[in-house]
Participant: 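Mind having a look at this structure? Questions to follow.
Starting from 1, each residue takes its place in the sequence as its number. Worth knowing before you read on, the calculation uses all heavy atoms, side chains too, and leaves out hydrogens, waters and symmetry mates. All ligand and atom numbering here is 1-based and tracks the order in the structure.
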Amino acid sequence: MLNDMKYRVLLTGGSRGIGKAIALALSGKTERLYLVGREQSALEQVASELAGVDVVILAGDLTDATFQGRIVNAVAEGGGVNLLINNAGISDFSAFEQQRPENIERLVITNLLTPILLTQRLLPMMLRETQAQVINIGSGFSYIAYPGFAAYSASKFGLRGFGQALSRELADTTVKVRFFSPRATKTDINPAAVNWLNQQLSTAEDSAEEVAQQFMDFLSTDRAEYQVGFPEKIFTKLNQILPALVSRALYAKLPVIRRAMAFSSINS
Ligand SMILES: NC(=O)c1ccc[n+]([C@@H]2O[C@H](COP(=O)([O-])OP(=O)(O)OC[C@H]3O[C@@H](n4cnc5c(N)ncnc54)[C@H](OP(=O)(O)O)[C@@H]3O)[C@@H](O)[C@H]2O)c1
C-alpha cells in the first residue's frame with residue numbers, strides 16, 4: 001500500500017517503549033512527526049534522536065479533551081496527517097476483585113475511549129488525504145482474555161472491535177484502519193510482578209526494537225491485522241475455535257498467576 005510515500009505521522013505514546021522504537025524505525029519514511037506523550041523532556045530526547053524529521057512535540061495528557069483539541073489544531077495548522085498511530089496505553093495487573101475502580105476507569109479511558117475520540121477528531125482531515133491510515137496498537141490480550149488483566153483485556157478487545165467496525169465503515173473511503181498487536185515486550189509498562197510471571201511461565205518477550213521492526217514490516221503490507229509471535233497466533237486461533245481448551249491451559253497456570261497477583265498487590 002503506502003510503501004514509497006513519506007508519512008506525516010501522529011504517534012501517541014512516543015516518549016518511550018514501543019512508541020519510541022516505532023518513531024525511530026519510521027524516521028527514514030517520515031516527513032513530519034507529531035510526537036505525543038506526557039513528559040516533555042522524554043519527548044525532546046526522542047526528537048533529538050530523529051535526524052532529518054520535522055518533529056512537533058505535543059506534551060500533555062491524552063485523556064484531557066482540551067489537550068486533544070490542541071493536538072487537532074496543531075495537526076490542522078501543519079497540513080494534516082496520513083498516518084495516525086494510537087499507541088499510548090497503560091496496564092494494571094491485578095486480581096479483579098482488588099482492582100481499584102479508579103484504575104479500571106483510567107485503563108478504559110486511556111486504552112479505549114481516548115483513541116476512539118482522537119480518531120474521530122482527526123478523521124475529517126484524514127478523509128481529505130489521497131491515502132491515509134489509522135493503526136491501533138492492540139495486544140495479545142486483544143485476542144486472549146487473560147487472568148489478572150480483565151479490565152486491560154476488555155480495553156484491548158474493545159479497541160480491536162472499534163477498529164474492525166470502523167475499517168468496514170470506511171471501506172469505500174481513502175482511510176484504512178488496521179490493527180497491530182505486540183506480545184509481551186520488555187518496557188516500563190510491565191511492573192516487577194508481570195516480569196516475574198513472564199519468567200515463571202517462560203513467556204516469550206520481545207525488545208521494543210524487535211516489535212518496531214515487525215511494525216515496519218506490517219506497515220509495508222495492506223493486511224488488516226497483525227499479531228506478533230507464531231505461538232501466540234496459534235493460541236488465538238485455538239481460542240476462537242476451542243476456547244475451552246485455552247481456558248483449561250490457563251487454569252493450569254492460575255496458581256502461579258495468583259502468586260504474581262499477590263506480589264503485585266503488596267507492591268502497589
Ligand atoms: N510492553 C508490552 O508487554 C505490551 C504488550 C502488548 C501491547 N502493548 C501495548 O503497546 C503500547 C505501548 O506500550 P509500551 O509497552 O511501550 O508502554 P510504555 O513503555 O509504558 O509507554 C507507554 C507510552 O504511552 C504514553 N501514555 C500513557 N498514558 C498516556 C496519557 N494519558 N497521555 C499521553 N501519553 C500517555 C506514555 O507516555 P508518558 O509516560 O510520557 O506519559 C508512553 O509514551 C500500549 O498500547 C500497550 O498496551 C505493550
Participant: Side-chain contact test, heavy atoms from C-beta onward, threshold under 4.5 Å: evaluate it for Lys20 versus Leu24 and give yes or no.
Facilitator: yes
Participant: With atoms numbered from 1 as shown, which atoms in ligand 1 lie under 4.0 angstrom from a non-hydrogen atom of Glu39?
Facilitator: 40 (O)
Participant: Give the residue and atom name of whichever protein heavy atom lies nearest to atom 5 (C) of ligand 1, and the separation in Å to one decimal.
Facilitator: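 In this structure, atom 5 (C) of ligand 1 has Arg183 O, 3.1 Å as its nearest protein heavy atom.
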Participant: Is it the side chain (CB and beyond), the backbone, both or neither of Phe141 that lies under 4.0 Å from ligand 1, heavy atoms counted?
Facilitator: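 Neither part.
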Participant: Less than 4.5 Å apart, side chain to side chain, heavy atoms only: is that true for Leu118 and Leu62?
Facilitator: yes
Participant: I need the atoms of ligand 1 closer than 4.0 Å to a non-hydrogen atom of Pro182, numbered in the order shown.
Facilitator: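 In order of numbering, the contacting atoms are 6 (C), 7 (C).
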Participant: Contact between Phe67 and ligand 1, counting heavy atoms under 4.0 Å?
Facilitator: no
Participant: Short list, please: which atoms of ligand 1 are under 4.0 Å from a heavy atom of Gly17?
Facilitator: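 Matching atoms, with element in brackets: 16 (O), 19 (O).
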Participant: To which protein heavy atom is atom 21 (O) of ligand 1 closest, and what is the distance rounded to 0.1 Å?
Facilitator: Arg16 CG, 3.9 Å
Participant: Below 4.0 Å from any atom of ligand 1, is there a heavy atom belonging to Glu205?
Facilitator: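 No.
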Participant: Looking only at distance, does Gly13 have an N or O less than 3.5 Å from an N or O of ligand 1?
Facilitator: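 Between Gly13 and ligand 1, an N or O pair is found under 3.5 Å apart.
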Participant: When you measure from atom 8 (N) of ligand 1 to every protein heavy atom, which one gives the shortest distance, and what is it?
Facilitator: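 It is Tyr152 OH, 3.8 Å.
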Participant: Which residue owns the protein heavy atom closest to atom 13 (O) of ligand 1, what's the atom, and how far is it?
Facilitator: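 The protein heavy atom lying closest is Ile189 CD1, 3.9 Å.
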Participant: Could you list the atoms of ligand 1 found under 4.0 angstrom from a heavy atom of Leu62?
Facilitator: 30 (C), 31 (N), 32 (N), 33 (C), 34 (N)
Participant: Phe157 ring centre to Arg160 NZ or CZ under 6.0 Å, with the angle to the axis within 45°?
Facilitator: yes
Participant: Find out whether Met125 and Val81 are in side-chain contact, i.e. whether some heavy atom of one side chain is under 4.5 Å from a heavy atom of the other.
Facilitator: no
Participant: Does the side chain of Leu219 reach to within under 4.5 Å of the side chain of Gln133, using non-hydrogen atoms?
Facilitator: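 The answer is yes; the side chains approach within 4.5 Å.
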Participant: In terms of side-chain heavy atoms, does Asn86 have a donor or acceptor partner in Thr119 at a distance below 3.5 Å?
Facilitator: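 The answer is yes; a qualifying pair exists.
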Participant: Any atoms of ligand 1 less than 4.0 Å from a non-hydrogen atom of Asn190? List them with their elements.
Facilitator: 1 (N), 2 (C), 3 (O)
Participant: Among all protein heavy atoms, pick the one closest to atom 37 (O) of ligand 1 and tell me residue, atom and distance.
Facilitator: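 Among all protein heavy atoms, the one nearest atom 37 (O) of ligand 1 is Ser15 OG, 3.2 Å.
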Participant: Return the residue, atom name and 0.1 Å-rounded distance of the protein heavy atom closest to atom 15 (O) of ligand 1.
Facilitator: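 So the nearest neighbour among protein heavy atoms is Thr187 OG1, 2.5 Å.
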Participant: Do Arg38 and Phe67 come close enough that some side-chain heavy atom pair is under 4.5 Å?
Facilitator: no
Participant: Looking only at side-chain N and O atoms, does Asn195 offer a donor or acceptor that is under 3.5 Å from a partner on Asn190?
Facilitator: no
Participant: Could you pull out, from Lys186, Gln40, Arg106, Arg38, the option with a heavy atom nearest to atom 38 (P) of ligand 1?
Facilitator: Arg38
Participant: Within the structure, is a non-hydrogen atom of Lys156 found at a distance of less than 4.0 Å from ligand 1?
Facilitator: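 The answer is yes, since Lys156 has a heavy atom less than 4.0 Å from ligand 1.
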Participant: Does a side chain donor of either Gln40 or Glu44 reach within less than 3.5 Å of an acceptor in the other side chain?
Facilitator: yes
Participant: Do the side-chain N and O atoms of Glu209 and Gln213 include a donor-acceptor pair separated by under 3.5 angstrom?
Facilitator: no
Participant: Could you find the nearest protein heavy atom to atom 44 (C) of ligand 1 and give me its residue, atom name and distance?
Facilitator: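 The closest heavy atom on the protein side is Asn87 O, 3.2 Å.
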Participant: Looking at Asp188 and Arg16, does any basic side-chain N land under 4.0 Å from a carboxylate oxygen?
Facilitator: yes
Participant: Can Thr63 and Asp61 be counted as having a side-chain donor-acceptor contact under 3.5 angstrom?
Facilitator: yes
Participant: Taking 4.0 angstrom as the limit and counting only heavy atoms of Asp61, give me the atoms of ligand 1 inside it, by number and element.
Facilitator: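 Once the distances to Asp61 are compared, the set is 30 (C), 31 (N), 32 (N).
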Participant: Among Ser155, Ala212, Gly138, whose heavy atom sits nearest atom 9 (C) of ligand 1?
Facilitator: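 Heavy atom nearest to atom 9 (C) of ligand 1 belongs to Gly138.
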Participant: May I ask you to test the Phe215-Ile85 pair for a side-chain heavy-atom distance under 4.5 Å?
Facilitator: yes
Participant: Give a yes/no on ligand 1: does Ala42 have at least one heavy atom closer than 4.0 angstrom to it?
Facilitator: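 The answer is no: ligand 1 sits nowhere under 4.0 Å from a heavy atom of Ala42.
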Participant: Please state whether Gly60 comes within less than 4.0 angstrom of ligand 1, counting heavy atoms only.
Facilitator: yes
Participant: Short N/O distance, under 3.5 Å, between Gly140 and ligand 1?
Facilitator: no
Participant: Within a distance under 4.0 Å of any heavy atom of Ser139, pick out the atoms of ligand 1 and give their elements.
Facilitator: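 Those atoms are 6 (C), 7 (C).
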Participant: Below 4.0 angstrom from a heavy atom of Ala184, which ligand 1 atoms are there? Numbered from 1 as shown, please.
Facilitator: 3 (O)
Participant: Which residue and non-hydrogen atom of the protein lie closest to atom 16 (O) of ligand 1, and at what distance in Å?
Facilitator: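 Answer, as residue, atom name and distance: Ile18 N, 2.7 Å.
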Participant: Phe141 vs Tyr152 aromatic rings, parallel, tilted or perpendicular, using cut-offs 30° and 60°?
Facilitator: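 Geometry flag for Tyr152 against Phe141: perpendicular rings.
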Participant: Do Pro182 and Ile18 have side-chain heavy atoms sitting under 4.5 Å apart?
Facilitator: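 The answer is yes; the side chains approach within 4.5 Å.
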Participant: So, is Thr110 polar-close to ligand 1, with some N/O to N/O distance under 3.5 Å?
Facilitator: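 In this structure, Thr110 places no N or O atom under 3.5 Å from an N or O of ligand 1.
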Participant: Measuring from atom 24 (O) of ligand 1, which candidate in Ala23, Ala88, Gly14 has the nearest non-hydrogen atom?
Facilitator: Ala88
Participant: Should Phe179 and Arg223 count as side-chain neighbours, where that means a heavy-atom distance under 4.5 Å?
Facilitator: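 Sidechains of Arg223 and Phe179: no contact.
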